[in-house]
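Report on the following structure.
Lettering follows sequence order; numbering is per chain, from 1. Every value quoted in this text rests on a predicted model; they were computed, and no experiment measured them.
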Number of protein chains: 2
Amino acid sequence: MRSVTIRNVADMAGVSVATASRVLSGHPSTSEVARDAVSKAATKLGFRPNAQARSLRKTSTQTIGLVLPDVRNPFFADLAHAVEQRARDFKYLTLFGNANEDADQQDRYFDIMLTQRVDGLIAAPQGNVTDLQSVLDSGVPTVFVDRVIPDTTVPSVTPDNVTGVREAVRHLTNSGHRRIGYIAGPQSTSTGRERLAAFQSALADTHADDDADLIFFGDFQSASGAAGAHHLLELPHPPTALLAADSLMSIGAVGVCNERGLTIGTDLAFVAYDDIEAFSLINPALTVIAHDVNAMGRLAVDLLTQVIAGESPESVILPSRLIVRGSTPSLSGGLTS
Amino acid sequence: MRSVTIRNVADMAGVSVATASRVLSGHPSTSEVARDAVSKAATKLGFRPNAQARSLRKTSTQTIGLVLPDVRNPFFADLAHAVEQRARDFKYLTLFGNANEDADQQDRYFDIMLTQRVDGLIAAPQGNVTDLQSVLDSGVPTVFVDRVIPDTTVPSVTPDNVTGVREAVRHLTNSGHRRIGYIAGPQSTSTGRERLAAFQSALADTHADDDADLIFFGDFQSASGAAGAHHLLELPHPPTALLAADSLMSIGAVGVCNERGLTIGTDLAFVAYDDIEAFSLINPALTVIAHDVNAMGRLAVDLLTQVIAGESPESVILPSRLIVRGSTPSLSGGLTS
DNA sequence: CGATTCCATGGAAACGATTCCATCGAAGAT
DNA sequence: ATCTTCGATGGAATCGTTTCCATGGAATCG
């Protein structure tokens with residue numbers, strides 16, 4: 001394992017280490033002669049600077065940490081992709097961790113990333129302020145994405161968790177549904193709480209049944225979506241429509257409907273969360289509550305670079321909307337449940 | 001921004017920097033008194049070692065690089081999750097990059113990660129040996145996953161790209177299909193090449209049509225799956241069955257079938273690649289060619305730790321198999337195409 | 001008693017890149 | 001001719017942690 005250092009480059013170029021460093025860093029105070037010699041030497045030796053050494057001196061690492069609940073969730077996979085690509089635009093490398101919807105694991109990731117001296121942190125957090133205390137105390141530039149933790153001043157990029165849900169409830173009730181089953185996300189997450197509150201609030205504005213039995217508390221994993229659908233469809237007076245609070249639970253719930261021989265859009269209306277690509281597998285097409293996940297990822301990085309630069313950017317709320325497709329026809333149009 | 005260094009800890013504990021370092025590193029040659037004092041001081045000061053400084057001295061970073069084609073592909077999302085979780089078992093943090101199925105971007109990621117002095121590299125590579133030259137020359141411990149580059153000695157964990165495809169072709173021809181459309185992956189990838197070769201070889205063993213028009217060359221993105229299905233279904237003599245070479249192209253292809261009003265399993269038989277969770281959205285259930293992606297991710301990390309430890313592990317080929325479900329009924333059972 | 005071994009400690013060097021600051025030479029202004 | 005400014009350079013210090021190696025004290029052995 002050969003190790004080419006800047007000293008080797010400087011020697012070959014016949015300049016000092018300081019001059020070699022200046023040339024390689026693009027500093028203006030270097031002569032054309034020096035630039036030429038150093039560039040040639042670096043290329044010939046296959047020189048690759050040691051980022052650890054540079055980081056130690058510069059006190060920045062050109063890395064950002066990204067802690068998401070679970071990259072297997074298509075929504076977060078899309079988000080991870082958007083963040084990572086946008087970070088690269090700013091010459092940042094992305095350090096990545098899956099919290100697996102677990103506050104303890106999330107905390108361990110924060111700790112490791114702080115030790116790595118990431119320049120900034122983007123997280124879709126879960127839990128409360130105490131779970132985030134070490135990060136907040138560290139003063140490391142941080143941005144929340146998708147979810148927030150109350151009682152912090154961390155800038156965030158979140159979806160409007162209200163409008164889309166309200167529109168979905170209105171659409172379903174306007175379509176004749178009086179019993180709407182809701183598969184809720186975990187109440188330890190802001191998205192879980194806000195979407196449930198929006199559902200309940202929207203329901204109160206209609207004549208639909210306000211029945212606590214029609215709400216199942218899931219954990220944003222597909223298995224809980226399956227369990228939720230199973231539970232709700234087994235009620236003495238089952239719902240004629242289902243609304244699930246995220247894409248993975250939507251997948252799980254639809255899977256159960258398939259197993260039970262229920263045809264989406266014919267036997268049961270279904271509204272899914274997030275407009276992920278895989279939903280195109282379904283016929284009829286799914287009605288979804290959607291927001292621009294790519295914009296979310298990009299904006300999160302943009303905000304973070306501002307925080308890193310010492311600014312105090314405003315949080316951003318991205319619009320969400322209901323996209324009506326074939327999975328939610330009018331009740332008089334054909335539901336047999 | 002306060003900065004607590006090991007010097008502060010040593011001062012507060014009344015020992016030298018060397019002793020403080022030994023205590024914090026768990027070195028045995030420390031007294032109980034010193035251990036107590038240093039631990040207390042570190043906790044009180046909220047000391048967090050600087051990983052860059054440590055890495056500079058130790059010449060290892062406790063990070064591994066993971067370069068995948070596209071985390072939006074559910075297969076690679078699952079793989080990323082498995083790798084990242086397994087890496088954590090070995091106390092490694094995962095640096096992550098999406099090559100977006102582009103050799104140039106892949107190369108840029110390799111370069112950045114080498115500069116970051118990752119302890120090892122896991123990649124699902126594309127291109128050929130010259131595209132990987134800088135990585136191979138660097139001597140950084142490397143493992144290929146899912147795909148390989150010919151003419152390298154890099155250990156790998158790959159799926160058996162033959163058995164599942166052969167079984168699928170046999171199953172389809174045994175079910176009465178004589179025209180089988182194949183949506184191939186890019187021939188710049190080992191998986192793309194091997195699955196196509198297996199398809200053609202299996203076809204040669206049957207009486208099914210060996211028609212070059214029945215093969216569409218895609219790029220492992222869903223849009224090319226959609227284009228492939230569209231193209232194949234528009235043939236003068238269209239296929240009665242489709243086989244797509246990865247999950248994203250499968251999604252795209254099924255979406256086109258939906259748009260065209262073709263019912264999977266009734267109007268057209270369909271075999272998808274990889275048994276991703278989202279496929280449970282479909283009714284009837286999809287027949288898939290599957291292998292254990294979690295095992296793949298874990299094994300890749302296991303191999304990498306062996307390479308890092310100076311060993312020369314054998315490459316591993318994971319079995320793949322056909323899981324027959326409702327999307328491929330017998331032709332006499334109901335296809336109308 | 002002297003020599004050897006073991007345990008624990010501390011000061012300094014090492015890791016590799018960046019940057020501070022002193023210095024020099026050349027050019028321009030007075 | 002002298003002073004000032006600018007561009008370029010180089011040696012040394014810096015960054016924060018680890019580890020080398022010398023040292024001292026205590027215990028053990030011959």
Side-chain angles (χ1 to χ4, degrees), chain A residues 1-39 41-42 45-63 91 112 114-119 138 140, chain B residues 1-39 41-42 45-63 91 112 114-119 138 140:
Chain A
M1 172 75 90
R2 53 180 204 159
S3 190
V4 181
T5 70
I6 200 166
R7 174 166 298 175
N8 304 121
V9 176
D11 287 347
M12 179 178 277
V15 298
S16 74
V17 165
T19 299
S21 181
R22 266 187 292 263
V23 170
L24 295 170
S25 300
H27 195 285
S29 291
T30 53
S31 66
E32 174 119 23
V33 173
R35 285 198 289 274
D36 193 49
V38 171
S39 299
L45 291 170
F47 174 67
R48 187 172 269 121
N50 182 319
Q52 322 309 326
R54 179 189 284 159
S55 301
L56 187 57
R57 184 64 174 83
K58 293 185 67 162
T59 73
S60 69
T61 58
Q62 288 302 123
T63 59
K91 311 287 190 229
I112 298 174
L114 292 178
T115 296
Q116 285 285 342
R117 299 298 196 269
V118 291
D119 293 341
S138 74
V140 168
Chain B
M1 173 77 88
R2 55 187 198 152
S3 192
V4 181
T5 71
I6 200 167
R7 175 165 299 175
N8 303 119
V9 176
D11 287 346
M12 178 178 276
V15 298
S16 73
V17 165
T19 299
S21 181
R22 266 187 294 261
V23 170
L24 295 169
S25 301
H27 195 285
S29 290
T30 53
S31 67
E32 176 118 23
V33 174
R35 285 197 289 274
D36 193 49
V38 171
S39 299
L45 290 169
F47 175 68
R48 188 174 268 122
N50 183 322
Q52 314 306 321
R54 177 189 285 158
S55 301
L56 184 58
R57 184 65 175 82
K58 294 185 66 163
T59 74
S60 69
T61 59
Q62 289 302 124
T63 59
K91 310 289 189 227
I112 298 174
L114 291 178
T115 297
Q116 284 286 344
R117 299 297 196 271
V118 290
D119 293 341
S138 73
V140 169

In whole Å, what is the span from the [atom1] atom of [X] to the [atom2] atom of [N]?
X      : N      : atom1 : atom2 : result
B:I6   : C:dG11 : CD1   : P     : 14 Å
B:F47  : D:dT17 : CZ    : C1'   : 8 Å
A:N8   : C:dC15 : CG    : C1'   : 14 Å
B:R117 : D:dT17 : CZ    : C1'   : 18 Å
A:L24  : C:dT19 : CG    : C1'   : 15 Å
B:Q52  : C:dA14 : CD    : C1'   : 18 Å
A:R54  : D:dG16 : CZ    : P     : 18 Å
A:K58  : C:dG16 : NZ    : C1'   : 14 Å

Backbone N or O of [Y] within a donor-acceptor pair of the [X] side chain at under 3.5 Å?
X      : Y      : result
B:R117 : A:P49  : yes
B:N8   : B:T5   : yes
B:S25  : B:H27  : no
B:Q52  : A:Q116 : yes

Report the nucleotide, chosen from [options], that has the shortest atom-to-atom distance to any side-chain atom of [X].
X     : options                : value
A:R22 : C:dC20, D:dG16, C:dG11 : C:dC20
A:N50 : C:dG10, C:dG16, C:dC20 : C:dG16
B:V17 : D:dA8, D:dT17, C:dC20  : D:dT17
A:L56 : C:dT9, C:dG16, D:dT17  : C:dG16

Name the pairing partner of D:dC29, where a pair is Watson-Crick or G-U wobble with both distances under 3.5 Å, or state none.
-> C:dG2

Could you tell me which nucleotide pairs with C:dA12 by Watson-Crick or G-U wobble geometry, both distances under 3.5 Å, or answer none if nothing does?
-> D:dT19

Which part of the nucleic acid, if any, lies within contact of [X], taking any heavy atom under 4.0 Å across all strands shown: a base, the sugar-phosphate backbone alone, or nothing?
X     : answer
A:T5  : sugar-phosphate
B:S25 : sugar-phosphate
A:T30 : sugar-phosphate
A:A34 : sugar-phosphate
B:R7  : nothing

Distance (rounded to the nearest 0.5 Å) between B:I112 CD1 and A:T63 OG1 = 12.0 Å

Do any side-chain nitrogens or oxygens of [X] fall under 4.0 Å of OP1 or OP2 in [N]?
X     : N      : result
A:S21 : C:dA17 : no
A:S31 : D:dT9  : yes
B:S55 : D:dT17 : no

DNA chain C: 5'-proximal contact among A:R48 and B:P28 (nearest heavy atom) = B:P28

B:R22 versus B:T30, side-chain donor and acceptor atoms under 3.5 Å = no

Check if the side chain of A:R57 and the base of C:dT18 share a donor-acceptor pair of N or O atoms closer than 3.5 Å.
-> yes

